[in-house]
Colleague: 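What follows is a structure written as structure tokens; I'll ask about it next.
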Amino acid sequence: MSATVNNTKRTQILLSFAVFTAAFQAPGQTISSVVNQAIDFCKDPRRDVRAYCKDLNDLQAAANSGATKNTASGTLNKLDLSHPAATPKFITAAADVVTENAVSSAVRSKAAASNALQEAGHARLDRQSAPTGNGSGTTSLVSKAGNPELLSLALDTGALTQSVNGTTSTLNTNADEIFRLVSGTDPDCTVTCRNLGWFETHVLNPTNISASINLAQPSTITAATSGQASGSTPIALESATVPAVAGKLSGVTTRYQLMNRFDPRSADFKKKWNDAITASKVNVAAITLMGSTNSVMKLLTSDAKTFALDRDQMIQKAKSDPTGQALTDFFDSYFSNALQEVLKDQSIPALISQVMQDRALYRQAWFNALDEAAGNLVTFEYNYNHPVNQPVTNTFKLIYAYDFGTTGMVTFNGSVSLYDSLPRGAKYGRLHYGQVSAEYDRTLAGRDKSLQSQLSLAGYWQYQPNPSVLNIPAGTVAPGTTIPVPNGTQEFVGTAGSLWVTQAKLTFKGAGNVSVPIGVSWSNKTDLLQGSKIGAQFGINYNFSSILGLFGGSAAQ
Amino acid sequence: MSEGTADLVGTTASDFTFTIDAASIPQGGATLIVTGQPDQNLPVAASGREVSVPSLPQGDSTVSLALIWPPGDTQDATIDVGTVTTGAVTAATPKHSIDCGDTPGYVELFGK
């Protein structure tokens, strides 16, 4: 249905079907799952044990049930590095080892994967990186439902609903991505991602945060003076205004995305999933991943022939200790010794790096398909807005988007804006305005190329019951007089009623995750001034892809 | 690898299919790998869960599968013999499986 969902919302969706599948799992469906609850190797501190925890759990369960090395041969294959079936988890464990040993190739592989992900998501129409409508420097009239995966920076100039043209710098991020970056957790899973915590699933993952700095509004502070530095005429000044910072925070926005609930076993969802696999190129990503993994597998099974798993010992250890401690200790020793030898092959790290990149791409495509099949229900947005010389407002917005696939996407917004506080004697109410708006986006050219162009057509209607309020700071001299306003005041400016804005915008998306939106707009008035206005907007947005490389001290490839 | 640990064992040059009961394989997502020989793409049935092996190589060989696991899948994919056109092929006892979520998955063959 809709591809308007940020990819980072994956665990929220997964929780929906995890709950569903848990409810429908037949009793006794997997014997090992019962044992897994008692012996959870997946929480073992050793990375190789964690990577192979499912198979170790299965083997221990089988041994506890009296299995032999012959009846457990399938599970033993998955733990034996001389067998192809052990390769996928070997890569998972080895990639971590390489990273922890500070070998830069693994860091580069993660950075490269991140870079590739950003490139893959570059064509999306649902990304929001600039501040919306009511900023003094913005290129976006309508809020989009999605956000950048990790971090984006937008520099925008030109106003849409505001009278004051400004330039803003906006930093966008996803709370869960930042949490993972800081905590160092980077789950490498798709369908098996069910062990994230409640807080990460329900709070961090669906939440995006952005902050906008108004670059054209320098701040000042008042500082005490200590004496006249020049001049023959004494001037008694006790204080002076000095510049503090070049920009000022003009708004903070938090967004929360709510996904559709779905039944993964329904025929309707299965059909959507199958369609989404093709649309999101999951099949292509899976085949690519298979190719790079096969390269590792061929080397590994060849190199590790001399390190074939001692199956008799594995079974013996498992049977000697039903808790699994002896089994995991033996496997850890086997894996560590084998890994040291395997990593002597100079070509292995580069091949693992390639697999990690292809895994990340596959994972991204998989979650894109899931987003596509499940669809976005709605996005909630809260905006704390502090415009120049106007009262602080709080805006609450609902965002809905519908994706028509290759024919484009329509996004709808509805919001109310409330004054943060009312001064004594205010002649206006708490409601600042209400607005509805819509935008149509379509990729014009270059869908699969490094340079893409996107057309956006937007319409915006805002109604405010009172004219806009302008803050007159204390000390302001009334025009035509020399009389300063002693305590400051507020004045109505502009008019009450409807504000209409239309905008046409072209966005050019180039290589390196850079996009350049250029827009022209018409409005029947602006917030402070009467009379129609034709304006232009321009921006430069950048999605950071190499942030992992920055943190790891290594540049992205 | 050996006859005792292979997922499927059969007479050399057998023409057969094998199946999995979870996940799906896209077209072009099954490759036969034999040491010392070029990789060979294998046909995948429209169901996405059946792969044709036109001629089982002698000794050890491997089929890699670009598995796509749908949301909600919790079960491993069991490897079984499908249709045997020529020769004789049997699955391991008990049947081997591919772990849920593993991509790619590997099926070990042994021709004798």
Side-chain angles (χ1 to χ4, degrees), chain A residues 13-14 17-18 20-22 25 29-30 33 54-55 58 70-71 73-78 80 82-89 189-193 262-265 269-270 273-274 277-278 282-291 293-294 297-298 301-302 311 359 362 366 369-370 373-374, chain B residues 1-9 22-37 39 41 44 46-48 60-79 91-109:
Chain A
I13 304 171
L14 285 165
F17 74 71
F20 177 88
T21 51
Q25 186 145 349
Q29 203 165 12
T30 55
S33 65
K54 195 265 181 192
D55 301 321
D58 286 350
N70 290 329
T71 58
S73 65
T75 304
L76 286 164
N77 286 351
K78 299 171 190 173
D80 188 340
S82 65
H83 281 255
T87 301
K89 294 184 180 75
C189 54
T190 52
V191 70
T192 52
C193 292
F262 64 93
D263 174 1
R265 300 186 183 200
F269 178 80
K270 285 179 179 174
W273 169 253
N274 287 331
I277 283 176
T278 307
V282 182
N283 46 0
V284 175
I287 292 170
T288 303
L289 173 58
M290 179 180 73
T293 307
N294 284 351
M297 184 274 288
K298 289 173 185 175
T301 52
S302 172
R311 296 179 176 226
R359 273 190 188 181
Y362 168 75
W366 194 92
L370 184 56
Chain B
M1 296 190 285
S2 70
E3 180 178 354
T5 60
D7 302 319
L8 301 171
V9 177
S24 65
I25 311 159
Q27 292 298 323
T31 304
L32 177 65
I33 301 165
V34 183
T35 304
Q37 295 181 25
D39 293 353
N41 273 339
V44 179
S47 68
D60 293 322
S61 57
T62 302
V63 178
S64 65
L65 305 173
L67 296 177
I68 299 172
W69 297 83
D73 255 16
T74 57
Q75 298 299 299
D76 298 343
T78 304
I79 304 161
T93 307
K95 294 181 176 65
H96 291 178
S97 64
I98 299 168
D99 283 352
C100 178
D102 270 7
T103 300
Y106 291 101
V107 176
E108 298 178 21
L109 311 178

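All values reported here derive from a predicted model rather than from experimental measurement. A note on names: the letters A, B, ... follow the listed sequences, proteins ahead of strands, and every chain is numbered from 1.
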Colleague: What pair of heavy atoms forms the shortest contact from Ala85(A) to Tyr106(B), and how long is it?
Modeller: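 That would be N-CB, 4.2 Å.
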
Colleague: Would you say Pro84(A) and Glu108(B) make side-chain contact, with heavy atoms under 4.5 Å?
Modeller: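 Result yes, sub-4.5 Å side-chain heavy-atom pair found.
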
Colleague: Heavy atoms only: give me the nearest Trp366(A)-Pro71(B) pair and the separation to one decimal.
Modeller: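 Residues Trp366(A) and Pro71(B), closest heavy atoms: CZ2-N, 3.9 Å.
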
Colleague: Measuring heavy-atom distances to chain B, does Asn77(A) have an atom under 4.5 Å in its side chain, in its backbone, in both, or in neither?
Modeller: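 The side chain, not the backbone.
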
Colleague: Any heavy-atom pair between the side chains of Pro88(A) and Thr103(B) that's under 4.5 Å?
Modeller: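 Heavy-atom side-chain distance check fails, nothing below 4.5 Å.
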
Colleague: Against chain A, label Ile25(B) side chain, backbone, both or neither, depending on which of its atoms sit under 4.5 Å from a heavy atom there.
Modeller: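 No part of Ile25(B) comes within 4.5 Å of chain A.
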
Colleague: What are the two closest non-hydrogen atoms of Trp69(B) and Tyr362(A), and how far apart are they?
Modeller: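 So the two residues come closest at N-OH, 3.9 Å.
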
Colleague: Please state whether the side chain, the backbone, both or neither of Lys270(A) comes within less than 4.5 Å of a heavy atom of chain B.
Modeller: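 Contact with chain B: none, neither part.
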
Colleague: Using every non-hydrogen atom in the two residues, find where Asn283(A) and Pro26(B) come nearest and quote the distance to one decimal.
Modeller: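 Minimum heavy-atom contact is CB-CB, 3.5 Å.
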
Colleague: Please state whether the side chain, the backbone, both or neither of Ile68(B) comes within less than 4.5 Å of a heavy atom of chain A.
Modeller: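 For Ile68(B), backbone and side chain are both near chain A.
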
Colleague: Give, for atom OG1 of Thr5(B) and atom CZ of Arg311(A), the distance between the pair rounded to the nearest 0.5 Å.
Modeller: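 Thr5(B) OG1 to Arg311(A) CZ: 5.0 Å, rounded to 0.5 Å.
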
Colleague: Check Met290(A) against Ala66(B) and note the closest heavy-atom contact, atom names and distance.
Modeller: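 Nearest pair, atom of Met290(A) first, then Ala66(B): SD-N, 3.4 Å.
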
Colleague: Taking every heavy-atom pair that is under 4.5 Å apart, which of Gln27(B), His96(B), Lys95(B) has the most such pairs with chain A?
Modeller: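 Result: the option with the highest number of such pairs is His96(B).
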
Colleague: Name the residue from Asp7(B), Asp102(B), Asp99(B) that meets the salt bridge (Lys or Arg N to Asp or Glu O under 4.0 Å) definition with Lys78(A).
Modeller: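 That would be Asp99(B); it is the only one of Asp7(B), Asp102(B), Asp99(B) passing the salt bridge (Lys or Arg N to Asp or Glu O under 4.0 Å) with Lys78(A).
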
Colleague: Out of Gly105(B), Ser97(B), Gly4(B), return the one with the most heavy atom pairs under 4.5 angstrom to chain A.
Modeller: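 Of Gly105(B), Ser97(B), Gly4(B), Ser97(B) has the most heavy-atom pairs under 4.5 Å with chain A.
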
Colleague: Between Thr31(B), Ile79(B), Asp76(B), Val107(B), who has the most heavy-atom pairs with chain A when the cutoff is under 4.5 Å?
Modeller: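 Most heavy-atom pairs under 4.5 Å with chain A: Asp76(B).
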
Colleague: Starting at CD1 of Ile277(A), measure out to OG of Ser24(B) and round the result to the nearest 0.5 Å.
Modeller: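 Here the interatomic distance stands at 5.0 Å.
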
Colleague: Find the one option among Gly28(B), Ala30(B), Gly48(B) whose heavy-atom pairs under 4.5 Å with chain A are most numerous.
Modeller: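 Answer, by heavy-atom pair count under 4.5 Å with chain A: Gly28(B).
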
